[in-house]
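The next block holds one structure in the form of structure tokens; read it before the comments.
For the single chain, residues carry numbers from 1 onward in sequence order.
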Amino acid sequence: MKTMAQGWRLLWSSKATWLMVTGIAVGEAGLAAWWLTLPVATAWNLALHGLVLAMMLGFAVLAWQMARRAFPGGKRRAWPAVPVAAAVGIVLPAALVWWVPGFESMEAQAASMAVRFALAGVLFTGALLWLAACRVQEE
């Protein structure tokens with residue numbers, strides 16, 4: 001429990017990394033959406049598929065490196081943190097995305113969607129970074 005609390009304090013002290021990784025995740029989602037809409041009719045289209053896939057992999061590696069630099073430390077993972085991170089990083093964001101409150105206007109629906117999706121992204125990246133911060137120092 002002490003390791004998980006220390007991981008939370010470490011994550012909270014590096015809010016800039018959390019914000020940058022969340023921005024990278026938003027970019028990844030945009031690239032994935034673009035990648036899924038690309039046609040595959042010509043060789044140029046297939047090359048564009050490969051380029052976008054390489055960009056997505058590059059952004060994922062960049063986020064991984066940022067997390068490694070922000071949270072250096074132990075080699076062993078604090079395994080009790082994994083179910084908590086899974087609940088906060090997967091279950092809560094999924095519930096936020098699928099929950100649609102009943103608003104009358106389309107503008108209110110769109111604003112609600114933007115807030116819910118942003119909060120889901122922050123929860124997802126925060127859980128991943130918190131899990132990276134919850135490493136036990138070797139004794």
Side-chain angles (χ1 to χ4, degrees):
M1 193 66 161
K2 185 173 81 170
T3 303
M4 291 190 278
Q6 287 172 344
W8 172 249
R9 282 192 292 277
L10 185 60
L11 174 63
W12 191 250
S13 68
S14 61
K15 290 182 280 290
T17 302
W18 191 353
L19 184 64
M20 287 187 284
V21 170
T22 302
I24 289 173
V26 169
E28 285 275 349
L31 280 173
W34 181 38
W35 187 59
L36 289 172
T37 62
L38 288 174
V40 291
T42 64
W44 168 247
N45 295 134
L46 290 175
L48 192 56
H49 270 276
L51 179 68
V52 173
L53 182 62
M55 287 170 47
M56 288 169 47
L57 290 173
F59 279 136
V61 168
L62 177 65
W64 173 258
Q65 289 299 324
M66 289 173 71
R68 294 285 302 219
R69 265 189 237 115
F71 309 116
K75 303 289 184 206
R76 265 187 321 126
R77 177 97 34 227
W79 288 108
V82 173
V84 175
V88 172
I90 296 171
V91 175
L92 280 178
L96 277 172
V97 166
W98 287 105
W99 172 61
V100 181
F103 290 116
E104 295 293 323
S105 70
M106 184 60 99
E107 293 84 10
Q109 286 283 0
S112 167
M113 183 193 75
V115 169
R116 289 182 294 115
F117 276 49
L119 187 58
V122 167
L123 283 172
F124 176 73
T125 56
L128 287 178
L129 290 175
W130 177 71
L131 193 57
C134 287
R135 287 188 277 174
V136 178
Q137 295 292 334
E138 296 294 328
E139 284 141 60

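- A donor-acceptor pair under 3.5 Å is formed between the side chain of Q109 and the backbone N or O of P101.
- For L46, the side-chain contact (heavy atoms from CB on, under 4.5 Å) test picks out V40, with sequence neighbours left out.
- In this structure the side chain of V82 reaches within 4.5 angstrom of the side chain of L131, judged on heavy atoms.
- Both L96 and L92 sit in one connected hydrophobic cluster of ILVMFWY residues. Membership requires side-chain heavy atoms under 4.5 Å apart, directly or through other members.
- In terms of hydrophobic clustering, with Ile, Leu, Val, Met, Phe, Trp and Tyr side chains grouped at heavy-atom distances under 4.5 Å, V115 and V88 are assigned to different clusters.
- Residue W35 is grouped with residue I24 when hydrophobic side chains (ILVMFWY) are merged at heavy-atom distances under 4.5 angstrom, including chains of intermediate members.
- The shortest distance between side-chain heavy atoms of L62 and M66 falls below 4.5 Å.
- There is no path of hydrophobic side-chain contacts, each under 4.5 Å, that joins F124 to M113.
- Put simply, CG on L36 and NE2 on H49 are 8.5 Å apart, with the number rounded to the nearest 0.5 Å.
- Closest of all the heavy-atom pairs between A25 and T125 is CB-CG2, 3.8 Å.
- The line from CD1 of I90 to CG of L128 is 8.0 Å long, rounded to the nearest 0.5 Å.
- Residue V91 is not grouped with residue W98 when hydrophobic side chains (ILVMFWY) are merged at heavy-atom distances under 4.5 angstrom, including chains of intermediate members.
- Here the closest non-hydrogen pair linking L129 and A67 is CD2-CB, 3.6 Å.
- Under the 4.5 Å side-chain criterion, counting only non-hydrogen atoms from C-beta, L48 is in contact with W34.
- Residues forming a side-chain contact (heavy atoms from CB on, under 4.5 Å) with W12 (at least two apart in sequence, or on another chain): W8, K15, W18.
- Put simply, CG on L38 and CH2 on W44 are 10.5 Å apart, with the number rounded to the nearest 0.5 Å.
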